[in-house]
Amino acid sequence: QFINDEKTSELLLIETSFEDYVQGSWVPITTDIRYAEEAEAIVQAVITSDSGQTAGRVTTEGAIEDAKLGPVGERGRIILTYRCERLYTYAEMGQGPAASRHTLVPLALQLPWAALDNPASCCRVHASVRAPAGSVQLDPTTNVLAYRDLQRSL
């Protein structure tokens, strides 16, 4: 999916992995099926049966990835790894003569949600970002306009 209007920056899903937490450690679920219909049928069969197995699948439609994992023991996790070869950046607009000049990379992550009374909301979500050395996250309290503009662009 392209992440800027000029279509020069493309975000690519390069790896998907599924893991089940069993007896104190994460165990990878390694079966790989390339045909969507077959994968969906297998995942549905495992999720709806009492086979003692865990299955996961991810589908991509346009710019949306839909991942499913289940059933899991204590907990499960889905790891989606993305890569962007050419980042979309823009110059920070300084205020006053002492303003510093930085290059900004707008980045937003939209996470799944569920209503508080839905059992699906009883899960933890973790996201991590690796950026070039020297990168820092803008403080939202002192950079309100940058965050507002990013939100409006979504």
Side-chain angles (χ1 to χ4, degrees), residues 1-4 8-90 92 102-144 146-154:
Q1 74 186 14
F2 290 102
I3 58 173
N4 66 337
T8 58
S9 298
E10 188 171 12
L11 187 64
L12 300 172
L13 176 63
I14 61 169
E15 183 181 9
T16 303
S17 60
F18 301 94
E19 297 179 346
D20 193 5
Y21 195 73
V22 178
Q23 297 177 351
S25 63
W26 289 104
V27 177
I29 301 168
T30 58
T31 301
D32 188 10
I33 300 170
R34 298 289 175 174
Y35 299 101
E37 294 82 14
E38 185 180 350
E40 183 64 30
I42 290 171
V43 169
Q44 287 303 323
V46 169
I47 288 174
T48 58
S49 70
D50 191 18
S51 66
Q53 296 178 319
T54 301
R57 67 108 179 105
V58 65
T59 58
T60 302
E61 187 173 323
I64 298 172
E65 275 81 40
D66 179 29
K68 185 185 291 185
L69 174 67
V72 296
E74 204 173 311
R75 56 191 148 157
R77 68 180 172 190
I78 303 168
I79 303 169
L80 304 174
T81 305
Y82 294 88
R83 182 166 184 86
C84 183
E85 286 293 327
R86 184 173 175 200
L87 291 176
Y88 170 69
T89 63
Y90 63 95
E92 177 182 28
H102 295 100
T103 301
L104 302 178
V105 177
L107 179 65
L109 177 63
Q110 296 175 333
L111 299 172
W113 64 275
L116 291 175
D117 60 347
N118 184 324
S121 69
C122 298
C123 67
R124 290 184 286 182
V125 176
H126 171 78
S128 62
V129 175
R130 278 187 285 187
S135 300
V136 294
Q137 180 178 342
L138 289 180
D139 179 4
T141 58
T142 58
N143 297 279
V144 174
Y147 279 93
R148 184 200 65 198
D149 291 343
L150 175 61
Q151 182 180 13
R152 285 183 180 166
S153 72
L154 299 176

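Each residue takes its place number in the sequence, starting with 1. Atoms considered below: every heavy atom in the structure, side chains included; atoms not considered: hydrogens, waters and symmetry mates.
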Item to check | Leu138 and Val136, any side-chain heavy atoms less than 4.5 Å apart | outcome: no

Checklist entry - Is the closest side-chain heavy-atom distance between Asp66 and Val58 below 4.5 Å? => result no

Next on the checklist: For a quick test of reading the model, state the closest non-hydrogen atom pair linking Leu11 to Tyr82 and the distance between them.
Outcome noted: CD1-CB, 3.7 Å

Item to check | Residues forming a side chain to side chain contact (heavy atoms under 4.5 Å, CB included) with Thr81, sequence neighbours excluded | outcome: Ile14, Glu15, Ile79

Checklist outcome for this item: Rounding to 0.5 Å, atoms CZ (Arg77) and CZ (Phe18) come to a distance of 13.0 Å

Item to check | Interatomic spacing from CG in Asp20 to CD1 in Ile29 - rounded to 0.5 Å | outcome: 5.0 Å

Item to check | Results of salt bridge (charged side-chain N to carboxylate O under 4.0 Å, His left out) for Arg83 - residues two or more places apart only | outcome: Glu85

Item to check | Those residues that, when tested against Thr141, pass side-chain hydrogen bond (donor to acceptor under 3.5 Å, both in side chains) (two or more places apart) | outcome: Asp139

